[in-house]
S.K.: 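Have a look at this one.
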Amino acid sequence: MKATKLAEGVYWVGAIDWNLRDYHGYTLPGTTYNAYLITGEKNVLIDTTYPGFENQMLERIKDVIDPLKIDYVVANHVEMDHSGGLPKITKMLPGVPIYCTQLGVEGFGRHYDTKDWNFHVVKTGDTLPLGGGKTLVFVEAPMLHWPDSMFTYLAEDEILFPNDAFGQHIASSERFDDEFGVDEAMKHAQKFFANLIIPLAPKVLKKLAEVTDLKIGIKMVAPSHGVIWRKNAGGIIQAYADWSHGVSKDKVTIVYDTMHGSTTKMAQAIAEGVMEGGCQVKFCLLKDGRYEGVHRSDVVTDVLDSKAVIVGSSTLQDEYLPTVAGFMSYLRGLKPGRLTQKKKGFAFGSHGGHGGAVKLIDADLKTAGIEIFRDPIEVYYRPDESEIKLCHDAGKAIAEAVKTK
Ligand SMILES: [Fe+2]
Ligand SMILES: [Fe+2]
């Protein structure tokens with residue numbers, strides 16, 4: 001197996017997980033666990049892989065040096081997709097110094113038997129000189145995205161190793177953004193941000209300001225998943241700022257599920273209104289047993305990219321349909337209200353008995369930080385002509401309210 005060179009003495013030695021299709025509810029076309037090797041007077045391994053992928057990493061390290069010649073390990077993040085190789089590495093290299101945050105030490109201790117591990121706790125600004133004109137600088141990044149998270153910066157080569165931040169779930173033969181296609185990589189980065197980073201938006205903006213204040217050059221951003229940003233390093237950093245600010249298209253995402261098609265009729269009327277109002281529509285049926293639905297991890301990517309989100313459900317046993325319940329739980333957790341620019345939305349749906357779904361959706365939208373644009377639209381059984389018009393007009397009104405003037 002081959003390593004990939006980023007710069008003189010800097011290599012990607014990670015693992016490709018071609019077959020992964022679901023990562024705690026996030027659909028993905030495979031991923032990579034990126035580990036990096038810096039060689040010279042001192043040899044450093046930055047991060048490892050998910051358990052079971054460490055041999056792939058070791059084979060790639062062997063392409064450059066004997067793994068027994070690793071002098072230091074940097075562990076930016078406790079989560080197992082980046083630390084799963086540590087038990088094997090510490091067994092191969094007893095006493096190897098492991099550089100991580102204090103919360104990293106605690107977190108590793110809850111995952112592995114670390115009593116013999118040689119931790120070196122680092123804080124923001126601490127450096128590790130490697131000799132031969134290479135220095136590592138550590139930057140704590142608590143809650144980006146775990147309490148233990150840390151960025152590592154290779155000063156002379158201006159390469160940032162931010163672990164999960166700026167990552168994308170892609171399994172590809174290409175290691176760099178320009179080889180894979182910058183636009184395509186950005187789409188995957190946006191999905192990653194939508195599903196993992198939205199609730200952290202205020203922290204992202206603070207961290208970006210901190211990094212800007214350091215006035216350091218960043219030639220390459222080498223995250224722990226997906227391709228390395230070498231052509232678009234500035235672009236992905238700017239995109240994180242834009243996404244955190246809630247910058248989005250003149251677009252409205254309509255997401256719903258239906259029992260017998262009444263809620264679909266309402267959704268279609270709303271969509272027609274949105275188009276007339278001058279916004280693009282993203283139409284997301286979650287699943288109704290006849291149609292293949294759009295997965296919630298893709299829906300939230302469109303929500304991030306939209307100025308409004310309209311959610312509908314038929315009522316089942318006084319509740320929303322389970323697909324919509326799952327989506328709303330996911331949206332509540334992501335807290336899009338933490339983005340600087342708030343999104344607008346409202347609830348709609350049909351019911352037979354007492355109803356109930358739209359009230360639940362309305363409450364969830366509020367909890368998620370979506371600004372309620374209007375009262376929920378609730379229809380008894382099938383929507384009649386006037387109710388279809390009501391849906392249409394509501395779609396048109398929200399589009400006109402959110403579109404760029
Ligand atoms: Fe993580
Ligand atoms: Fe990760």
Side-chain angles (χ1 to χ4, degrees), residues 12-36 45-54 56-57 60 73-87 89 98-112 138-152 160-172 175 177 180 185 187-201 203-204 207 221-229 236 239-240 243-244 297 300-301 330 333-335:
W12 173 85
V13 290
I16 308 172
D17 187 348
W18 295 101
N19 292 329
L20 191 67
R21 290 294 178 274
D22 183 283
Y23 193 60
H24 51 63
Y26 177 141
T27 57
L28 68 181
T31 193
T32 61
Y33 311 113
N34 295 340
Y36 297 94
L45 177 65
I46 301 181
D47 295 321
T48 63
T49 64
Y50 204 72
F53 288 82
E54 54 277 74
Q56 205 186 126
M57 175 185 74
R60 294 192 202 281
V73 172
V74 172
N76 281 316
H77 183 26
V78 165
E79 197 166 7
M80 288 163 74
D81 52 338
H82 308 295
S83 68
L86 287 175
I89 291 286
I98 300 171
Y99 292 81
C100 65
T101 61
Q102 179 59 46
L103 287 171
V105 174
E106 292 167 26
F108 290 124
R110 298 294 299 179
H111 284 77
Y112 310 107
F138 302 107
V139 180
E140 290 166 279
M143 292 317 294
L144 284 176
H145 67 133
W146 276 18
D148 55 270
S149 294
M150 171 174 96
F151 296 175
T152 298
L160 182 68
F161 301 95
N163 200 269
D164 280 319
F166 312 111
Q168 339 89 45
H169 285 308
I170 296 171
S172 64
R175 295 278 72 78
D177 56 350
F180 180 76
K187 278 187 210 160
H188 288 279
Q190 190 178 23
K191 179 167 179 176
F192 193 93
F193 186 100
N195 282 275
L196 298 163
I197 315 289
I198 285 178
L200 316 172
K203 289 196 165 62
V204 170
K207 186 57 61 185
V221 176
S224 58
H225 297 286
V227 295
I228 296 154
W229 304 98
I236 185 63
Y240 262 52
W243 293 330
S244 298
S297 60
V300 296
T301 310
Y330 202 60
L334 288 174
K335 304 173 184 67

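Numbering of ligands and ligand atoms starts at 1, following listing order.
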S.K.: Check Phe53 against Thr49 and note the closest heavy-atom contact, atom names and distance.
M.R.: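 Reported closest heavy-atom pair: C-OG1, 3.3 Å.
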S.K.: State, without any angle test, whether Tyr112 and Ser83 hold a side-chain donor-acceptor pair at a distance under 3.5 Å.
M.R.: yes
S.K.: Given the Fe ion (ligand 1) as the apex, I'd like the angle to NE2 of His145 and NE2 of His77, rounded to 10 degrees.
M.R.: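 Here the angle at the metal atom is close to 90°, to 10°.
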S.K.: Measure the shortest side-chain to side-chain distance between Arg175 and Thr32 over non-hydrogen atoms and say whether it is less than 4.5 angstrom.
M.R.: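 In short, these two side chains touch, coming nearer than 4.5 Å.
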S.K.: Of all the N, O or S atoms in Glu79, which one sits nearest to the Fe ion (ligand 1)?
M.R.: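 Restricting Glu79 to its N, O and S atoms, the minimum distance to the Fe ion (ligand 1) goes to OE1.
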S.K.: Can you measure from CG (Asn34) to CG (Asp47) and round to the nearest 0.5 angstrom?
M.R.: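 Those atoms lie 9.0 Å apart.
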S.K.: In degrees, rounded to 10 degrees, what angle do His82 atom NE2 and His225 atom NE2 make at the Fe ion (ligand 2)?
M.R.: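 The two atoms form an angle at the metal of about 90°.
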S.K.: Any idea which N/O/S atom from Asp164 gets closest to the Fe ion (ligand 1)?
M.R.: OD2
S.K.: Which of the N/O/S atoms in Asp81 sits closest to the Fe ion (ligand 2)?
M.R.: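 Nearest N/O/S atom: OD2.
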S.K.: Contact between Leu20 and His169 at the side-chain level, heavy atoms closer than 4.5 Å - yes or no?
M.R.: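 When only atoms from C-beta onward are counted, His169 and Leu20 do not touch, as no gap falls below 4.5 Å.
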